[in-house]
Amino acid sequence: METEAPHLLEKREKKERREGLPELKNAVKGKVVLRFAPNPNGPLSFGHARGIVINGNYAKEWDGKLILRFDDTDTVVKPPLPEAYQQIPEEAEWLLGFKPHRIVIASEQMPHYYEHAMLMLKKGFGYVCQCSGENFKEFRVSKTECPCRKNNVNLNLELWTKMTDGTFVPGDAVVRVKTAMDLKNPALRDWPALRIQNTAEHPHPRKSIGSKYRVWPLLDFQSAVEDKIQGVTHIIRGKDLMDSTRKQVLLYEHFGWTYPETLYWGRVKVHEWGGFSTSQMRRDIEAGLFTGWDDPRLPTLAALRNRGITANALRDFWVELGVTQKDISVPLSTLYSHNTKIIDDAAPRLAFIRQPENIKIEGEYPNDIKVEVHPNHASRGMREFDVSSKMIWIEQEDLMKSEVRLKGFANIEITGKTARVGSIERNDRRPIIHWLPESSTTNATLLMAEDGEMQHIEGKLESHSYPEGTMVQLERIGYARIIDSSTLIFTHS
RNA sequence: GCUCGUAUAGUGUAGUGGCCCAUCAUGAAGGACUCUCAUUCCUUCGACCCGGGUUCAAAUCCCGGUACGAGCACCA
């Protein structure tokens, strides 16, 4: 057979499961330019992390560049938050493990947008439209051209001046891109590119910009022009922006440019979180409903980080979800399981006694008890407990059980508030509980966000010398992050 | 209403006409290890939305239906 029909012996290779993200189309190593463009109206949320992780991963994979761009062109509906300009780059770097290669602030690029707007008017593929929003909506629905569409170049330029010099007020005029009114998709018909904002009443929060401009580009125009200026090669974004791509392609055709490759992802909902919007969170924080952007009840990156979710876990999580266009709903436990994998090996074990009950131990036993810092790493040493005072703390819930084993210590039989020590050796299958000697404990609070409520769980924490920020595992409870000498924040079980 | 998109186990995901009685992870159940309800390891469970068509062959292509989501803002 070997000689007669060798092909029959060839084992067909089983197709390998693709690892990581799908391959980028039309990508050239070293030439890929991607961008992540949040509105700096607040710090980053869980959802933003997807944009950073996916774009960042591709940038890394293709030896390309990642641009962090602030799309801060709205001063009225979603005004930017000044702190966000510092916080977002810092959060992005934490999440990525590297600094974004370039930072672009849209409000500083206004001259470019003006230049392109005027170019558009001069070349005749844009016009100043003085119809009201409602009127234009009717034109759009009925596929009829609005009268302003016939303006000649000179008139358009004249009207543009009235937009910029303050003759016109918000609502009086917008600049539209001439597409066609009979396009199948109504969303694309002569879409608006720039509008007037009342920046006297609503100045841009960045002082250097303030009330300097009245006419501001809308997302579709600003983003399109900026992508061209920055040489973006690939755009990866939510599929809610699909029509935005189509609008921008029409604009690119007018300018004679080639549109970047585009990839979309669907909506992600997290079972445990309802609808949080950045604007709403901002109001609630200002109203004192939350302690800040890092309040553990919030779905912000700052909050997750504060709770002890690692950047690595977040990256693994988003890469695993990939870039499918499906709308999905995931439980937080998926993120937690990624996090556990990353933190468990390093997390020292500590005992934390909730609702502590002080009980007396009677009988024969050694006074020095040793328990491992980490059960899988003997080299990390032992925790030492001195029980010569004969008094120990156990959880109230464990007090109800009569026969238990004190972890690393002895079997006991509890009667009321005293415990009779039996075997020092473990010689049966009775449940094991955690405990602490009366000394060498500190009073501590475990903060836990559950169902949108903050729980402050008071208890006795084993004395330790780990620095703030250390991830520990509280035996039989779960992982937690040390905030200060008397506060822990619960990460997950 | 018009337009666009998506549909694989409980939840995610691989799969682009034959390697698929369908991948991997997570989850659940059971077990091993373990002086934590942790970690690790093993076993088991479980899916191609429905109906037509094209083809020797369809999870994969086409048509219709259904469900869900998005856009039609002088928000991003």
Side-chain angles (χ1 to χ4, degrees), chain A residues 11-19 22 37-41 71-74 76-80 106 129 131-133 136-137 140-141 143 169-176 183-189 191-198 215-216 218-220 222-223 237-247 264 266-269 271 278-279 316-317 319-322 324-331 333-338 340-341 343-345 347 349 351 371-372 374-377 405-411 425-426 429-434 473-479 493:
Chain A
K11 264 199 190 152
R12 276 217 260 192
E13 288 270 320
K14 175 139 191 173
K15 234 177 222 170
E16 299 260 322
R17 183 187 152 82
R18 200 202 72 227
E19 282 291 325
N39 179 344
N41 64 338
D71 278 351
D72 57 345
T73 55
D74 181 274
V76 181
V77 184
K78 293 176 179 174
C129 174
C131 301
S132 69
F136 193 84
K137 190 175 179 179
R140 181 169 50 230
V141 172
K143 299 185 180 180
V169 297
D172 285 352
V174 297
V175 176
R176 291 188 181 282
L183 251 25
K184 259 177 73 177
N185 187 342
L188 314 184
R189 295 169 196 159
W191 54 270
L194 302 99
R195 75 345 192 149
I196 304 166
Q197 295 193 100
N198 184 343
V215 177
W216 284 82
L218 272 330
L219 169 87
D220 295 314
Q222 177 270 129
S223 180
R237 58 183 173 197
K239 67 172 182 178
D240 53 313
L241 262 19
M242 267 180 166
D243 282 345
S244 191
T245 298
R246 297 182 181 107
K247 290 182 205 173
Y264 306 94
R267 258 187 113 72
V268 172
K269 259 194 287 192
H271 291 337
T278 302
S279 319
D316 291 348
F317 173 85
V319 168
E320 183 174 70
L321 294 198
T324 63
Q325 289 186 33
K326 246 200 305 195
D327 297 319
I328 56 177
S329 181
V330 286
S333 59
T334 304
L335 176 62
Y336 294 163
S337 97
H338 283 293
T340 297
K341 284 194 177 73
I343 62 177
D344 181 76
D345 196 63
R349 271 50 175 169
V371 187
E372 290 161 314
H374 189 118
N376 303 344
H377 298 281
R405 178 169 178 80
L406 300 174
K407 183 175 158 66
F409 181 13
N411 290 350
E425 294 306 311
R426 188 181 184 205
R429 308 278 289 178
R430 68 179 66 198
I432 293 162
I433 67 167
H434 65 298
Q473 192 211 54
L474 303 178
E475 285 172 328
R476 300 211 302 148
I477 299 172
Y479 301 93
S493 53

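Only this structure's heavy atoms are used, side chains among them; waters, hydrogens and symmetry mates stay out.
In this structure, A:Arg430 places its CZ atom where more than 12 heavy-atom neighbours from other residues, nucleotides or ligands lie under 6.0 Å away.
A:Thr73 comes within 4.0 angstrom of the backbone, heavy atoms only, and of no base. A:Leu241 comes within 4.0 angstrom of a nucleotide base, judged by non-hydrogen atoms across all strands. In this structure, A:Ser223 reaches neither bases nor backbone, as no heavy-atom distance under 4.0 Å exists between it and the strands shown. Base contact: A:Arg405 has a heavy atom under 4.0 Å from a base atom. Residue A:Gly322 is classed as having no contact, given no heavy-atom separation below 4.0 Å to the nucleic acid. Residue A:Gly266 is classed as having no contact, given no heavy-atom separation below 4.0 Å to the nucleic acid. Among the protein residues, A:Ser279 comes within range of no part of the nucleic acid, since none of its heavy atoms lies under 4.0 Å from any strand. A:Thr340 comes within 4.0 angstrom of sugar-phosphate atoms only, judged by non-hydrogen atoms across all strands, and of no base. Across all strands, A:Asp74 comes closer than 4.0 Å only to sugar-phosphate atoms, never to a base (heavy-atom distances). Among the heavy atoms of the strands lying under 4.0 Å from A:Leu219 is at least one base atom, whether or not backbone atoms are also near.
The nucleotide whose nearest atom lies closest to any side-chain atom of A:Leu218 is, among B:U36, B:A76, B:C2, B:A76. Distance from the side chain of A:Pro186 is smallest to B:U3 among B:G69, B:A38, B:U3. Side-chain proximity of A:Ala187 to the nucleotides B:U13, B:G27, B:C72 is greatest for B:C72.
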Could you list all N or O pairs between the protein and nucleotides 5-8 of chain B that sit under 3.5 Å apart?
unit_1 : atom_1 : unit_2   : atom_2 : d
B:G5   : O3'    : A:Gln325 : OE1    : 3.3
B:G5   : O2'    : A:Gln325 : OE1    : 2.9
B:U8   : OP2    : A:Lys326 : NZ     : 2.4

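Among residues two or more places apart in sequence or in another chain, the side-chain contact (heavy atoms from CB on, under 4.5 Å) test is passed with A:Asp240 by none. Taking A:Ser223 as the reference, A:Arg35, A:Arg69 meet the side-chain hydrogen bond (donor to acceptor under 3.5 Å, both in side chains) condition, with sequence neighbours excluded. Annotation: side-chain hydrogen bond (donor to acceptor under 3.5 Å, both in side chains) contacts of A:Arg189 (sequence neighbours excluded): none. Annotation: side-chain contact (heavy atoms from CB on, under 4.5 Å) contacts of A:Thr245 (sequence neighbours excluded): A:Arg237, A:Val249, A:Tyr259, A:Thr262, A:Tyr264.
Of the side-chain N and O atoms in A:Thr324, none sit less than 4.0 angstrom from OP1 or OP2 of B:G12.
When the P atom of B:A14 is taken as reference, atom CD of A:Glu320 falls 10 Å away, rounded to whole Å.
Helical stems of RNA chain B (runs of at least 3 Watson-Crick or G-U pairs, donor-acceptor distances under 3.5 Å) are listed by first residue: B:1-7 with B:66-72, B:10-12 with B:24-26, B:27-32 with B:40-45, B:49-53 with B:61-65.
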Could you check A:Asn185 against A:Lys247 for side-chain contact (heavy atoms from CB on, under 4.5 Å), going step by step and ending with a plain yes or no?
-> CA-CA 10 Å; A:Asn185 187 342; A:Lys247 290 182 205 173; over 6 Å; no
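Partner of A:Arg246 under the side chain to side chain contact (heavy atoms under 4.5 Å, CB included) criterion, out of A:Leu241, A:Leu188, A:Asp220, A:Leu183: A:Leu188 alone.
A donor N or O paired with an acceptor N or O is found under 3.5 Å between the base of B:A38 and the side-chain atoms of A:Arg349. For A:Lys407 against B:C35, no side-chain N or O and base N or O form a donor-acceptor pair under 3.5 Å.
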